[in-house]
Asks: 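After the C-alpha cells below, expect a handful of questions from me.
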Amino acid sequence: MKLNSAMKSLLEQYKIDNLHLILQDSSYPIWKKEDAIERKYWCVSNFCGMDKKQIKSTQDLSQLEWDGNEVCLDAYTDEDVADMLKRAIGILLFWKSELQTRYSDTSFYLFASYDNGDMQVLDEGESPVKSITVRFWADRGENTVINLADFDNWDQPAIMEYINCTS
C-alpha cells in the first residue's frame with residue numbers, strides 16, 4: 001500500500017505500523033454485476049443503492065464504483081481513531097486479497113482518505129467526528145475519478161493501492 005506523507009504521519013501519531021500484520025476485515029464482501037449492455041462492474045455492501053435502477057450504457061462505471069463502493073467509518077473520540085484506521089486497513093487488505101484472487105484479470109484501484117472533521121459545523125460542546133472512507137474501482141484504461149498527481153504531498157491523509165496491473 002502506498003501511503004502519502006500525511007497518512008504516514010497520522011499512522012505514526014497513533015502508533016500503527018506493520019500494516020501487513022493487520023487482520024483482514026471481510027465485513028464488505030465484493031461481487032460482480034453487469035449492466036444492460038454486459039459491462040462488468042463490482043459492488044460492496046448495498047452499493048449505496050445506486051444500481052436499483054438500470055445502469056445507463058453511457059454511465060462511467062469507474063465513477064459509479066467510486067460512488068457506490070464508499071464505506072465510511074467514524075470515530076467519535078480521539079481514542080477510537082486508531083481502531084478506525086486499523087479497521088479501514090483491514091477492509092482494504094481483504095478487498096486486495098479478494099480482487100487478486102477472484103478477479104485477477106482486472107486491474108483495480110483501492111483508496112482510503114481520512115477526514116479529521118475540522119471543517120464540520122458544530123454546536124457548542126460538540127466534538128468533530130473523525131472519519132475514513134475506503135472504496136475501490138476497476139481500471140478501465142484511464143483513471144476518471146480522482147487526480148492522483150502529487151499524491152504524496154496531499155494535505156489529506158490517504159492510502160492508494162493499484163493491483164492486478166497488466167503492464
Side-chain angles (χ1 to χ4, degrees), residues 1-35 39-48 50-51 59-75 80-117 130-167:
M1 287 186 195
K2 182 177 180 180
L3 311 173
N4 69 5
S5 296
M7 182 58 80
K8 288 176 188 173
S9 295
L10 182 67
L11 294 177
E12 286 174 14
Q13 176 185 344
Y14 288 97
K15 298 175 179 35
I16 300 171
D17 54 8
N18 297 321
L19 301 185
H20 63 281
L21 297 178
I22 294 175
L23 296 177
Q24 293 183 17
D25 184 329
S26 61
S27 299
Y28 300 92
I30 299 167
W31 66 92
K32 181 172 65 172
K33 289 187 168 186
E34 291 185 356
D35 68 2
R39 297 182 303 162
K40 294 171 182 55
Y41 64 99
W42 287 263
C43 307
V44 297
S45 195
N46 71 355
F47 201 60
C48 294
M50 300 186 77
D51 62 344
Q59 172 72 47
D60 178 342
L61 292 180
S62 293
Q63 184 67 54
L64 179 72
E65 289 167 339
W66 169 272
D67 294 336
N69 289 330
E70 177 181 281
V71 174
C72 187
L73 307 173
D74 295 328
D80 296 334
V81 173
D83 288 338
M84 176 191 68
L85 291 168
K86 288 177 188 174
R87 181 160 187 227
I89 293 166
I91 291 167
L92 290 174
L93 290 170
F94 173 75
W95 286 351
K96 179 179 179 179
S97 175
E98 284 290 288
L99 294 169
Q100 286 177 324
T101 303
R102 296 177 53 207
Y103 308 110
S104 61
D105 59 334
T106 304
S107 298
F108 294 92
Y109 293 91
L110 287 85
F111 184 77
S113 57
Y114 174 81
D115 180 0
N116 67 6
K130 295 169 175 54
S131 65
I132 190 163
T133 303
V134 294
R135 49 177 40 120
F136 74 91
W137 65 99
D139 180 3
R140 294 182 172 85
E142 62 181 77
N143 176 7
T144 59
V145 297
I146 189 170
N147 182 351
L148 294 170
D150 207 27
F151 172 77
D152 195 49
N153 296 313
W154 287 1
D155 289 337
Q156 184 177 31
I159 301 171
M160 186 76 217
E161 180 88 26
Y162 186 63
I163 59 169
N164 299 340
C165 310
T166 56
S167 56

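Only heavy atoms go into these numbers, but all of them, side chains included; no hydrogens, no water, no symmetry mates.
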Asks: Given side chain to side chain contact (heavy atoms under 4.5 Å, CB included), test I16 with I22 step by step and report yes or no.
Replies: CA-CA 9 Å; I16 300 171; I22 294 175; 4.2 Å; yes
Asks: May I ask you to test the I89-I159 pair for a side-chain heavy-atom distance under 4.5 Å?
Replies: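 A side-chain contact under 4.5 Å exists here.
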Asks: Surrounding CG of N153 (heavy atoms of other residues, nucleotides or ligands, distance under 6.0 Å), is the total greater than 12?
Replies: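 Yes.
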Asks: Go through the steps for L110 and M1 under the test side chain to side chain contact (heavy atoms under 4.5 Å, CB included), then give the verdict.
Replies: CA-CA 9 Å; L110 287 85; M1 287 186 195; over 6 Å; no
Asks: Could you check whether S5 and D152, counting side-chain N and O atoms only, form a donor-acceptor pair closer than 3.5 Å?
Replies: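 Checked: D152/S5 side chains pair up, N/O donor to acceptor below 3.5 Å.
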Asks: Which pairs with one or both residues in residues 22-31 pass salt bridge (charged side-chain N to carboxylate O under 4.0 Å, His left out), sequence neighbours excluded?
Replies: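 Pairs touching residues 22-31 that pass the test: D25-R87.
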Asks: Kindly indicate, with the supporting measurements, whether the criterion side chain to side chain contact (heavy atoms under 4.5 Å, CB included) is fulfilled by L19 and L92.
Replies: CA-CA 11 Å; L19 301 185; L92 290 174; over 6 Å; no
Asks: Below 4.5 Å, heavy atoms only, C-beta onward: do V44 and I91 meet side chain to side chain?
Replies: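 No - every pair of side-chain heavy atoms lies 4.5 Å or more apart.
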Asks: Taking all non-hydrogen atoms of both residues into account, name the closest pair between V134 and A112 and its distance.
Replies: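 Heavy-atom minimum between the residues: CG1-CB, 3.6 Å.
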Asks: Where do E34 and Y41 come nearest, in terms of heavy atoms and distance?
Replies: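 That would be C-CE2, 3.7 Å.
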Asks: Taking the side chain as C-beta and beyond, is there a heavy-atom pair between Q59 and D35 under 4.5 Å?
Replies: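 No, every pair of side-chain atoms sits at 4.5 Å or beyond.
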Asks: Which pair of non-hydrogen atoms, one from W31 and one from S45, has the smallest distance, and what is that distance?
Replies: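 Between these two residues, the closest heavy atoms are CH2-O, 2.5 Å.
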Asks: Going by heavy atoms in the side chains, are D83 and Y14 under 4.5 Å from each other?
Replies: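 With C-beta onward as the side chain, the pair stays apart.
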Asks: What is the ring orientation for Y162 with Y109, classed by angle as parallel under 30°, tilted 30 to 60°, or perpendicular over 60°?
Replies: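 Tilted, since the angle between the ring planes falls between 30° and 60°.
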Asks: Looking at side-chain heavy atoms only, is the closest gap between F108 and I30 below 4.5 Å?
Replies: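 A side-chain contact under 4.5 Å is absent here.
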Asks: As a test of understanding, state which of F136, W95, W66 forms a ring-ring contact (aromatic ring centres under 6.0 Å, His included) with F111.
Replies: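 Filter result, single survivor: W66.
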Asks: Which of these, E65, E70, Q63, sits in a side-chain contact (heavy atoms from CB on, under 4.5 Å) with D67?
Replies: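 It is Q63; the other options fail the test.
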Asks: May I have all residue pairs that pass salt bridge (charged side-chain N to carboxylate O under 4.0 Å, His left out) and include part of residues 5-16, sequence neighbours excluded?
Replies: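 As it turns out, there is no salt bridge (charged side-chain N to carboxylate O under 4.0 Å, His left out) pair with a partner in residues 5-16 once direct neighbours are skipped.
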Asks: If I compare all heavy atoms of C72 with all of D74, which pair ends up nearest, and what's the gap?
Replies: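 Here C72 and D74 meet closest at SG-OD1, 3.7 Å.
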Asks: Side chain to side chain contact (heavy atoms under 4.5 Å, CB included), that's the test. Do Y28 and E98 meet it? Break it down for me.
Replies: CA-CA 11 Å; Y28 300 92; E98 284 290 288; over 6 Å; no
